[in-house]
Participant: 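Here you go, one structure.
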2 protein chains.
Amino acid sequence: MTDAGLTLRERKKLRTRHALVDEALRLFTEKGFAAATLDELVEAVEVSQRTFFRMFASKEDVALAPEKELWAAYSARVEAHPPGPSPLPDYVAALRAAVEEMADGWEARFLTSRALCDRTPALVAHSLRHCADVTDRVVALGLAPGQSELERRLLIELFLTAWRWALARWAEDGAPDRAALRSRMDDAFAALPDLAPLLSAAPRHEEARRGVHA
Amino acid sequence: MTDAGLTLRERKKLRTRHALVDEALRLFTEKGFAAATLDELVEAVEVSQRTFFRMFASKEDVALAPEKELWAAYSARVEAHPPGPSPLPDYVAALRAAVEEMADGWEARFLTSRALCDRTPALVAHSLRHCADVTDRVVALGLAPGQSELERRLLIELFLTAWRWALARWAEDGAPDRAALRSRMDDAFAALPDLAPLLSAAPRHEEARRGVHA
DNA sequence: ACGCTTATGCCGGTGACTGGCACTATCTCT
DNA sequence: AGAGATAGTGCCAGTCACCGGCATAAGCGT
């Protein structure tokens with residue numbers, strides 16, 4: 001599946017790319033993201049810095065490679081099947097499918113990347129922005145003329161928050177394999193309908209104004 | 001209000017801080033965030049780079065100063081009045097109050113900062129992370145033992161998405177003053193209850209699984 | 001085997017950020 | 001008011017991410 005009809009050049013490139021990701025995750029985990037230098041990384045993989053920067057946009061980029069892979073697959077899914085008027089289930093389905101189509105061993109790299117992210121503010125920032133970029137592209141997809149874009153954004157944010165919650169539970173789990181991730185996703189997404197009653201008690205203007213002058 | 005019982009040292013420090021923010025916004029807007037160098041900035045304000053970095057954590061930090069100010073005020077409000085079992089109106093009220101207590105001229109700086117942010121990916125990343133940091137601190141506040149943290153996070157994300165929506169509308173508005181911002185906030189937060197019916201149609205497992213094997 | 005494309009390496013430069021240390025301005029206490 | 005404590009500031013030198021340009025080599029189609 002990895003080398004399906006690829007030319008030798010492309011395969012070589014992919015190989016060094018994977019080597020860079022693996023070594024980066026190892027190195028960053030061992031020494032910390034800030035303390036580890038790119039020189040160490042590229043020397044370990046035996047490529048030049050220039051090559052690194054042609055494959056990755058930044059030091060953060062390589063650390064978040066597994067996550068970007070996932071969102072790329074998700075993006076492709078959503079573009080292939082643009083969501084209908086009730087998009088939430090479609091988003092969820094696309095993400096589930098994306099998780100399933102990741103290569104073998106992806107979950108281990110992803111987990112390492114997440115752990116790194118949790119203790120590295122710079123990585124959090126990049127992760128959030130990438131997610132926001134994907135969201136921006138996805139929101140516009142299959143949006144009927146009369147439909148509200150705000151509504152879409154709200155639903156997507158709920159979906160993302162549930163996903164992040166599932167991730168956090170998964171990471172602190174004893175068995176961080178793909179089945180466990182699926183199960184955490186089930187739990188998190190199942191909680192979404194329970195939110196409805198809390199929204200009908202949404203702020204009316206009188207209450208809000210009272211807060212202003214408090 | 002600005003110089004309320006502050007020592008001379010503190011007032012001086014605040015003055016250079018404000019000068020740095022103003023000049024930074026001017027410079028970044030004129031030349032672009034990446035193209036403008038810190039040397040230009042500190043030379044214009046006549047301070048050393050070292051001083052700059054004692055006041056701001058990074059180049060991004062100074063560009064997002066108005067936003068950080070707002071979230072600091074918001075944070076303080078929420079900490080002063082921890083939200084009850086239906087936290088959404090409390091969050092909204094806290095943000096409205098925070099907007100009102102900003103100093104004169106804040107909205108102009110904030111708008112400039114937002115415009116800059118919109119065309120500078122690095123600023124988006126930092127902005128999102130800061131917001132996430134605030135969220136993390138706020139979620140735990142006033143959370144009763146039996147209450148679900150996930151539920152809180154979901155509500156806060158809705159709240160934040162509505163806020164960002166209000167900001168975007170405000171920015172493209174003809175009159176970006178504080179009254180207009182209030183009005184946009186009203187509109188955006190009023191849309192939240194409409195989301196409830198869309199949640200009852202949340203994903204069931206069968207639908208989701210179908211997507212997986214598609 | 002031959003050009004053509006593409007990836008890579010090397011080199012030098014820029015600019016954000018940091019630690020150390022001396023210096024000066026402000027504060028505080030008597 | 002003056003002396004010592006307490007910041008805040010400037011200067012300098014260093015590290016490191018990142019990006020041009022150009023030469024080289026490795027893979028590709030004919």
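Naming convention: chains lettered A, B, ... in sequence-line order (proteins, then strands); numbering from 1 in each chain. Computed over heavy atoms, backbone and side chain alike; hydrogens, waters and symmetry mates excluded.
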Participant: Look at A:Thr51 and C:dA7 and indicate whether a side-chain polar atom (N or O) is within less than 4.0 Å of OP1 or OP2.
Facilitator: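 Looking at the OP1 and OP2 atoms of C:dA7, neither is under 4.0 Å from any side-chain N or O of A:Thr51.
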Participant: Should the pair A:Arg96-A:Asp186 be classified as a salt bridge under the 4.0 Å nitrogen-to-oxygen rule?
Facilitator: yes
Participant: Would you tabulate the side-chain donor-acceptor contacts of residues 155-169 of chain B under 3.5 Å, counting partners in other chains and residues two or more places apart, or write 'none'?
Facilitator:
| unit_1 | atom_1 | unit_2 | atom_2 | d |
| --- | --- | --- | --- | --- |
| B:Thr161 | OG1 | B:Glu157 | O | 2.8 |
| B:Arg169 | NH1 | B:Glu172 | OE1 | 3.0 |
| B:Arg169 | NH1 | B:Glu172 | OE2 | 2.4 |

Participant: Please list, chain by chain and in numerical order, all residues satisfying side-chain contact (heavy atoms from CB on, under 4.5 Å) with A:Lys13, sequence neighbours excluded.
Facilitator: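 Listed in chain order: A:Met55.
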Participant: Is any NZ, NE, NH1 or NH2 atom of the basic residue among B:Glu100 and B:Arg182 found under 4.0 Å from an Asp or Glu carboxylate oxygen of the other?
Facilitator: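 B:Arg182 and B:Glu100: salt-bridged.
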Participant: Please list each protein N or O that sits under 3.5 Å from an N or O in nucleotides 14-18 of chain D, with the distance.
Facilitator:
| unit_1 | atom_1 | unit_2 | atom_2 | d |
| --- | --- | --- | --- | --- |
| D:dA17 | OP1 | A:Leu38 | N | 3.3 |
| D:dA17 | OP1 | A:Lys59 | NZ | 3.3 |
| D:dA17 | OP2 | A:Leu38 | N | 3.3 |
| D:dC18 | OP2 | A:Lys59 | N | 2.7 |

Participant: What pairs with A:Ser48 under side-chain hydrogen bond (donor to acceptor under 3.5 Å, both in side chains), at least two apart in sequence or on another chain?
Facilitator: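 Testing A:Ser48 for side-chain hydrogen bond (donor to acceptor under 3.5 Å, both in side chains), a comparison that skips the adjacent residues, returns A:Thr51.
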Participant: Under the rule for side-chain contact (heavy atoms from CB on, under 4.5 Å), what residues qualify as partners of B:Glu60, not counting sequence neighbours?
Facilitator: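 Per chain and number, B:Glu60 pairs via side-chain contact (heavy atoms from CB on, under 4.5 Å) with B:Phe33, B:Ser58, B:Ala122, B:Leu123, B:His126.
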Participant: How many Å lie between CD on B:Glu10 and C1' on C:dT28, as a whole number?
Facilitator: 14 Å
Participant: Give every residue pair that meets the salt bridge (charged side-chain N to carboxylate O under 4.0 Å, His left out) criterion with at least one member in residues 37-59 of chain B, sequence neighbours excluded.
Facilitator: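 Passing the test, one end in residues 37-59 of chain B: B:Lys31-B:Glu40.
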Participant: Donor-acceptor pairs under 3.5 angstrom involving side-chain atoms of residues 130-138 of chain B: please list them, not counting sequence neighbours.
Facilitator:
| unit_1 | atom_1 | unit_2 | atom_2 | d |
| --- | --- | --- | --- | --- |
| B:Asp133 | OD2 | B:Arg129 | NH1 | 3.3 |
| B:Thr135 | OG1 | B:Cys131 | O | 2.9 |
| B:Asp136 | OD1 | B:Arg153 | NH2 | 2.1 |
| B:Arg137 | NH1 | B:Ser75 | OG | 3.2 |

Participant: Could you list all N or O pairs between the protein and nucleotides 21-26 of chain D that sit under 3.5 Å apart?
Facilitator:
| unit_1 | atom_1 | unit_2 | atom_2 | d |
| --- | --- | --- | --- | --- |
| D:dG21 | O6 | A:Arg50 | NE | 3.0 |

Participant: List for me each residue that meets side-chain contact (heavy atoms from CB on, under 4.5 Å) alongside B:Thr29, sequence neighbours excluded, and say none if there are none.
Facilitator: B:Thr112, B:Leu116, B:Arg119
Participant: Identify, with sequence neighbours excluded, every residue that meets side-chain contact (heavy atoms from CB on, under 4.5 Å) alongside B:Leu41.
Facilitator: B:Leu20, B:Glu23, B:Ala24, B:Leu38, B:Val45, B:Phe52
Participant: I need the NZ-C1' distance between A:Lys13 and D:dG27, as an integer number of Å.
Facilitator: 13 Å
Participant: Just to be sure I understand the geometry, which residues of residues 118-130 of chain A put a non-hydrogen atom under 4.0 Å away from DNA chain C?
Facilitator: none
Participant: How many Å lie between CD on B:Glu43 and P on C:dG15, as a whole number?
Facilitator: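 It is 13 Å, rounded to the nearest whole Å.
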Participant: Return the set of residues passing salt bridge (charged side-chain N to carboxylate O under 4.0 Å, His left out) with B:Asp90 (not counting sequence neighbours), or none when no residue passes.
Facilitator: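 Counting only residues at least two positions away or on another chain, B:Asp90 forms no salt bridge (charged side-chain N to carboxylate O under 4.0 Å, His left out).
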Participant: Could you tell me how far apart A:Phe56 (CZ) and D:dC19 (P) are, to the nearest whole angstrom?
Facilitator: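 It works out to 14 Å between those atoms.
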Participant: So B:Glu40, base contact, sugar-phosphate only, or nothing? Heavy-atom distance under 4.0 Å.
Facilitator: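 If one applies the 4.0 Å heavy-atom cut-off, B:Glu40 turns out to touch nothing in the nucleic acid.
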Participant: Which whole-number value in Å describes the distance from A:Arg15 CZ to C:dT8 P?
Facilitator: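 Going from A:Arg15 (CZ) to C:dT8 (P), I get 12 Å.
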Participant: Roughly how many Å is it from CG in B:Leu20 to C1' in D:dG8, rounded to a whole number?
Facilitator: 14 Å
Participant: Using whole Å, what does the distance between atom P of nucleotide D:dG27 and atom CG of A:Leu14 come to?
Facilitator: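 One finds 15 Å between P of D:dG27 and CG of A:Leu14, rounded.
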